[in-house]
There are 2 protein chains.
Amino acid sequence: MKIHAMQVTVDLVILTIQEQQLRVLLVKRGVPPFAGEYALPGGFVREDESLEEAAARELEEETGTKDIFLEQLYSFGDPRRDPRGRVITIAYYALISPDRARLAAGTDAAGAAWYPVSGVPKLAFDHQDILDVALGRLRGKLEYTTVGFELLPKKFTLSDLQQMYEVILNKSLDKRNFRRKVQALEILRPLKEWQRTGRKPARLYSFVPRN
Amino acid sequence: MKIHAMQVTVDLVILTIQEQQLRVLLVKRGVPPFAGEYALPGGFVREDESLEEAAARELEEETGTKDIFLEQLYSFGDPRRDPRGRVITIAYYALISPDRARLAAGTDAAGAAWYPVSGVPKLAFDHQDILDVALGRLRGKLEYTTVGFELLPKKFTLSDLQQMYEVILNKSLDKRNFRRKVQALEILRPLKEWQRTGRKPARLYSFVPRN
DNA sequence: CCAAAAGTGTTAGGAGTACACCCATGG
DNA sequence: CCATGGGTGTACTCCTAACACTTTTGG
């Protein structure tokens, strides 16, 4: 019986918020195929590691950070998605807060940088599809989970929180309704600290998961 | 550079409703590993087919039917999930209505049969995990989509519809509230036909997707 | 004193939930 | 005539959405 061996990779959609924009980490490819074009970071799954471990390893290689939100997204396996041969990829997405969104030393040389998701350059392979799925998933989960807090620093103002939702959902929200709704969730701990950068000082909050 | 080649399979969670129970199609394994135990149907992805095509092919091989709901579920890649070696699997789930849930000729010999999801026998590999993910996905999607209709024949009564929801969610629903809610969705076309099996004849409806 | 962002309540409409009885038919 | 499942309405609560002004500070 013929053994159907294939190459298996993980690709990562690493998202953060910078300058009021949702941004994705892209690397500039140095070698063919698609040399000079942009791509999602990723790499081969090793013999002795799970898919999740491979994704976490790649994530740490790119960002130097381990303990950030990481979730499997979808698997892509069109026979012609990689011109070099049959490669199937398990895509993951990660969320990282702006205060931790530094790039690992050396990745800068590889051309890794944060690009606004609205207006990414043309992507290699089927990576635009992968990005689209990631954005859809994030928008969906934002509505019924608290994943969004992964994109905020530990201390944040209610305006920060609202802006995060507005940036991801790409629509503006009513300030009063928004505040009433999140307060009702009982997941915000008001701190005795105020952010004094703007005009009127804004109260800082921290996120306390329910249960 | 070392090439990390792995074997890639698709596994299928094929669900239907029979005798007021949600049931899953299982095959009895004839060869090691796990010979004699039950497993989800599945098989290797061929060189020239996409993951979706592989899943659809396996589905047709088992059920003889092509045009049924099929959606990618999750990928499983623990290095030790298959004792024969490194095999990663892309799991799909399919929904088939009871009037089409016949098994393909010859599959009966392979021991394929429908088992109630509450009370499946012990499953080979990590197939219990896969089944659990499928049930969670189905329950989630039931709340905000119309996938449930994939489990009903073309013509059904409102009681059939409600029973389908109750069986999947494993809780009873209020008849009046349920009917008001589904009628408000404007996805039901009342037919000029009645099911005369019970005592009082029940009106039949068909599903008309919105938009 | 002015510009900028923080903060705060009320009302109206829609959705969800709880709840009980009559109807049509087959046996 | 009776057992069985089919079919229907109302009241209350809660969530959502629309909407505008005052407060605090820095410059």
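Quick note: numbers below take in every heavy atom, side chains included, and nothing from hydrogens, waters or symmetry partners. Quick caveat, the model's predicted, so the values are computed rather than measured. Numbers restart at 1 for each chain; the letters A, B, ... are given by sequence-line order, proteins then strands.
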In B/S/- notation (B base, S sugar-phosphate only, - none; protein heavy atoms under 4.0 Å), nucleotides 5-11 of chain D written 5' to 3' is BBBBBB-

When rounded to whole Å, the CZ to P distance for the pair A/F178 and C/dG7 reads 13 Å

Exercise. Output, in order, the C-alpha distance, side-chain angles, deciding distance and verdict of ring-ring contact (aromatic ring centres under 6.0 Å, His included) for A/Y205 and A/F156.
Key: CA-CA 5 Å; A/Y205 291 80; A/F156 51 86; 7.0 Å; no

Rounded to whole Å, NZ of A/K171 lies from C1' of D/dT16 at a distance of 12 Å

A/Q195 atom CD is separated from D/dT25 atom C1', nearest whole Å, by 14 Å

Residues at least two apart in sequence or cross-chain that pass side chain to side chain donor-acceptor pair (under 3.5 Å) with B/R81, listed by chain then number, are B/D126

Residue set satisfying side chain to side chain donor-acceptor pair (under 3.5 Å) with B/E49, at least two apart, ordered chain then number -> B/R57

Whole-Å distance, A/Q163 CD to C/dG7 P, equals 14 Å

A/K181 NZ to D/dC15 C1', in whole Å, measures 9 Å

Sequence neighbours excluded, the answer for salt bridge (charged side-chain N to carboxylate O under 4.0 Å, His left out) partners of A/E37 is A/K122

Contacts of A/T9 meeting side-chain contact (heavy atoms from CB on, under 4.5 Å) (sequence neighbours excluded), chain-then-number -> A/D11, A/F44, A/V87, A/T89

Taken in chain and number order and not counting sequence neighbours, the residues that satisfy side chain to side chain donor-acceptor pair (under 3.5 Å) with A/R180 are A/N177

